[in-house]
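Report on the structure given below.
Worth saying up front: this structure is predicted, and the values here are computed from it rather than measured. Proteins get letters first, then strands, A, B, ... in listed order; numbering begins at 1 in each.
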Amino acid sequence: MRDLIGDVYPNKYRREVIQDGQTIIPDQQATITNVTRFARPIKDKHISELLEGEKPSDEQRNAANAELNGYRVRVAGRLAVPPRVMGKAAFVHLSDGIERLQIYVRKQDAKAVNNDTGETIDDEGAAWEIFGLLDHGDFIGVEGFLFVTKTGELSVHVETIQFLSKARFPMPDKMHGISDPELQRRYRYADLIASSLQVEHEGLTTRQVFERRAKLISGMRRFLDDAGFIEVETPMLTPKATGAAAKPFKTHHNALDIDLYARIAPELYLKRLTVGGFEKVYELNRNFRNEGLSQKHNPEFTMLEFYCAYMDVNGMMDFAEAMIKESVQKATGGSLQVKYGENEIDFSNFGRISMKEAIVNNFPIDRMKLFKPEWLEDELHIMALAMFSDPQFAYANDGLHKLNIDGTREFLPMSEKELSKIPKIMFDSLSSEPNFFELEELWNNSFNLQKERYNNGSRQPQVGIDNQIEKIFENIVEKKLIQPTFIIDYPKSISPLSKASPENPNIAERFELFINGMECANGFSELNDPQEQYERFADQMWSREAGDEEAMVLDEDYIRALAYGMPPAAGIGIGIDRLVMLLTNRHSIRDVILFPHMRPEKNKNAEKTEDAPENQTTT
RNA sequence: GGUCCGAUAGCUCAGUCGGUAGAGCAAAUGGCUUUUAACCAUUGGGUCGAAGGUUCGAGUCCUUCUCGGAUCACCA
């Protein structure tokens with residue numbers, strides 16, 4: 001091919017649409033998508049809508065072509081299908097990644113371009129020869145005039161053809177694309193090509209998922225910008241991993257000789273900025289957490305955090321709800337309802353309910369007629385409920401029988417080794433015959449066990465009680481919150497950066513937003529009293545010393561910042577990836593992150609030449 | 001980390017009881033001047049994820065490992 005056209009990877013190709021010698025669509029705008037959208041109405045004007053398999057009449061076609069033939073177009077794109085060659089003429093579709101446009105090449109009409117000289121090649125058969133060498137996936141540029149084929153498809157009648165780039169790997173299956181999730185994520189570029197070239201698909205293509213993600217994010221930025229917020233960038237590498245409860249990634253700075261942590265949250269930096277006078281501030285960027293991977297967890301994930309002075313927790317819920325609604329509409333193209341698996345999620349109405357009310361409302365009353373809401377105010381009952389609401393296990397030879405609070409049973413096959421790791425407390429109240437258990441009996445067992453402990457004097461401190469309330473909430477309520485719901489009135493002790501409620505010193509002015517059982521946002525009235533903040537950090541350090549690895553780390557400089565005076569403010573963090581999952585009907589966070597983290601591919605060649613297979617592996 | 005499932009041609013997938021490695025698409029060659037999942041004919045393409053074992057014989061059975069998926073545990 002080099003002999004015919006010179007360089008196979010030319011630097012540039014100028015696109016345009018010309019009418020009567022005048023450029024009407026210039027290079028950067030003359031994408032296949034734009035040209036198609038420009039030309040289609042012209043075709044439609046002459047050819048009314050056709051039924052499946054119906055062809056336009058000769059009169060319709062002649063009328064359309066009389067107008068369309070006046071437009072010369074220069075377009076470029078990837079061969080979206082293998083060329084359909086028929087003797088001395090051929091059809092093929094070009095794609096710009098979004099739309100596709102058919103081109104028609106007739107041997108006697110087409111000339112090739114030499115990439116080195118930019119001149120058309122005199123040899124009559126050159127273009128046809130080059131066309132014969134094209135593969136599915138190659139990039140070409142063509143010049144010609146618009147027309148409509150016998151079947152009514154808008155096409156370009158090609159007069160010059162220029163080779164632009166080679167696809168050396170074969171394209172994925174044109175009908176099926178790539179269906180192996182491992183290949184989709186590892187070779188995202190190929191997945192994206194496949195999704196843009198695929199002829200038929202169900203739901204959103206991979207490309208459309210990330211387009212929707214981009215629209216959601218730009219919608220959020222626009223909403224915040226319009227509301228007077230300023231976007232900032234705070235450190236990714238921080239001397240202390242604080243602002244949230246999570247395990248960090250650790251690294252080392254050589255010149256300063258200090259350890260640094262990839263940030264787990266930008267929260268404390270953003271609040272320093274409210275001290276500094278940024279009354280409305282946001283950051284939309286990555287957080288890093290060195291924890292397990294799951295469909296809902298990726299080691300790096302995107303968070304939108306923003307803070308607004310002179311706003312409280314209720315104002316923040318109003319504002320966040322408005323922002324999410326508007327950006328969801330931007331992302332979906334206007335709809336507030338999305339299908340997620342079996343569920344229809346409606347963003348037009350966000351519920352608000354306190355954590356304790358949610359527990360009361362969702363408690364399986366028919367199973368547990370004895371339950372009284374007052375129990376949630378009583379330490380002994382809270383401890384017993386937490387234990388009771390946790391799935392209860394009973395041994396079997398080959399695994400565990402799990403009894404859920406709603407009465408459903410599951411069987412978990414497990415090895416002996418794994419069985420031995422289950423905390424012993426789970427079995428204290430159970431025999432090895434799971435079928436004989438009734439929930440009332442379980443409750444009595446849980447209650448009596450806790451009562452015994454209580455009487456022993458091993459009373460839990462407040463943080464323990466609050467953790468148990470949260471646990472009850474997680475066990476009973478969380479997965480039932482399908483429609484967007486703000487859970488309010490969080491226990492204070494598990495909200496170390498949040499202001500206490502003026503009415504109840506044990507309750508924080510805090511909320512979390514749940515959608516489809518997933519925590520999607522977390523916000524509160526920001527604690528701005530340096531003295532109290534210091535004491536809250538001290539409590540956290542106390543839990544940390546007691547073994548809670550996730551307790552928050554003290555940040556003295558943040559206390560100093562607060563001592564300069566921080567205005568009353570509310571803030572929120574919104575998990576972007578999870579929201580995108582909901583809007584795109586994707587059930588793994590890895591499907592909404594372009595390049596999710598995977599175990600490295602094994603290098604088969606290296607394996608062959610190096611270790612003998614006998615070598616035992618180490619973890 | 002536990003459990004279950006999966007890995008076969010570039011892609012999507014069959015492969016029965018343990019007995020010669022298969023199809024469609026893609027690729028190559030030839031034919032065809034308005035096709036559109038084009039069509040017709042011919043051809044090439046494989047260390048069946050890796051290593052070991054059982055067997056006269058292994059894609060298939062067993063063990064270990066690698067990677068992935070689902071799920072539970074952990075974790076915001």
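The nearest whole Å value for the distance from the CG atom in A/Asp591 to the P atom in B/rG68 is 14 Å. Counting to the nearest Å, the P atom of B/rG49 and the CG atom of A/Asp180 are 13 Å from each other. For the pair A/Leu133 CG and B/rU29 P, the computed distance is 8 Å after rounding to whole Å. Between A/Met171 atom CE and B/rA37 atom C1' there is a gap of 18 Å when expressed in whole angstrom units. For the pair A/Leu154 CG and B/rU34 C1', the interatomic distance rounds to 14 Å; values are reported in whole Å. Look at NE2 on A/His93: it is 16 Å from P on B/rU34, rounded to the nearest Å. Atom CH2 in A/Trp128 sits roughly 9 Å away from atom P in B/rU33 (whole-Å rounding). Rounded to a whole Å, the NE2 atom of A/His297 is 12 Å from the P atom of B/rC74.
At the heavy-atom level, A/Gln184 lies nowhere under 4.0 Å from the strands shown. Within 4.0 Å of A/Glu291, counting heavy atoms only, lie sugar-phosphate atoms of the nucleic acid but no base atom. The residue A/Tyr104 sits close to a base: some heavy atom pair falls under 4.0 Å. Nucleic acid contact class of A/Phe301 (heavy atoms, under 4.0 Å, all strands): none. At a threshold of 4.0 angstrom between heavy atoms, the contacts of A/Val85 include nucleobase atoms, whether or not backbone atoms are also involved. Within the 4.0 angstrom heavy-atom criterion, no nucleotide atom of any strand lies near A/Ala244. Across all strands shown, A/Gly575 has no heavy atoms under 4.0 Å from either base or sugar-phosphate atoms. Contacts of A/Arg578 with the nucleic acid, taken as non-hydrogen atoms under 4.0 Å apart, are absent.
Across the P atoms, B/rG45 and B/rC4 are found 40 Å apart, a figure rounded to whole Å. When the C1' atom is compared between B/rG24 and B/rC39, the two are found 15 Å apart, to the nearest whole Å. The gap from the C1' atom of B/rA73 to that of B/rG10 amounts to 40 Å, rounded to the nearest Å. Spacing of C1' atoms, B/rA14 relative to B/rU54, comes out at 27 Å, to the nearest Å. For the P atom pair drawn from B/rU64 and B/rG1, the interatomic distance equals 16 Å after rounding to whole Å. Spacing between B/rU60 and B/rG19 at atom P, rounded to whole Å, works out to 11 Å.
In the set B/rU33, B/rA26, B/rG69, B/rG69 carries the atom at the smallest distance from any side-chain atom of A/Pro181. The side chain of A/Lys88 approaches B/rC32 more closely than any other nucleotide in the set B/rC32, B/rA27, B/rC11. Checked against B/rA70, B/rC67, B/rA26, the side chain of A/Glu182 finds its nearest nucleotide in B/rC67. Of the candidate nucleotides B/rU35, B/rU12, B/rG10, B/rU35 has the atom nearest to the side chain of A/Met86. Taking every side-chain heavy atom of A/Gln295 into account, B/rA70 is the closest of B/rA70, B/rC32, B/rU35.
A donor-acceptor contact under 3.5 Å is not formed by the side chain of A/Ser179 with the base of B/rU12. Put simply, the side chain of A/Gln102 and the base of B/rU35 share a donor and an acceptor less than 3.5 Å apart. Side-chain atoms of A/Gln108 and base atoms of B/rU33 include a donor and an acceptor less than 3.5 Å apart.
Figure legend. B/rG1 is base-paired to B/rC72; pairs are counted as Watson-Crick or G-U wobble with both atom distances under 3.5 Å. Across the strands present, B/rG19 finds its partner in B/rC56; the criterion is a Watson-Crick or G-U wobble pair with both atom distances under 3.5 angstrom. Pairing of B/rA27, defined by two Watson-Crick or G-U wobble distances under 3.5 Å, is identified with B/rU43.
Using the six-membered ring where Trp is involved, A/His587 and A/Tyr340 have ring planes that are parallel, under 30° apart on the 30 and 60° scheme.
A/Lys166 NZ: more than 12 foreign heavy atoms inside a 6.0 Å radius. Within 6.0 Å of atom NZ in A/Lys240, more than 12 heavy atoms from other residues, nucleotides or ligands are found, so the atom counts as buried in its surroundings. More than 12 heavy atoms of other residues, nucleotides or ligands shown are found within 6.0 angstrom of CZ on A/Arg84.
Of the side-chain N and O atoms in A/Arg185, one or more sit less than 4.0 angstrom from OP1 or OP2 of B/rG69. Regarding contacts with the backbone of B/rG69, a side-chain N or O of A/Arg590 is found under 4.0 angstrom from either OP1 or OP2. One finds a side-chain N or O of A/Arg84 lying less than 4.0 angstrom from the OP1 or OP2 phosphate oxygen of B/rA38.
Under the 3.5 Å distance criterion, the side-chain polar atoms of A/Arg544 are matched with a main-chain donor or acceptor of A/Ala551.
Remark on RNA chain B: of its neighbouring residues A/Asp135 and A/Arg106, the 5'-side contact belongs to A/Asp135, judged by nearest-heavy-atom nucleotide. Across the interface with RNA chain B, nearest-nucleotide mapping of A/Leu134 and A/Tyr490 shows A/Leu134 to be the residue nearer the 5′ end.
Ion pairing between A/Asp539 and A/Arg536 fails under the 4.0 Å rule for side-chain N and carboxylate O.
Counting only N and O atoms by type, the side chains of A/Thr234 and A/Glu283 include a donor and acceptor under 3.5 Å apart.
Applying the 90° criterion around 0 to the glycosidic angle, B/rC17 comes out syn.
Contact annotation: the side chain of A/Asp191 never approaches that of A/Arg186 to less than 4.5 Å [non-hydrogen atoms, C-beta and beyond].
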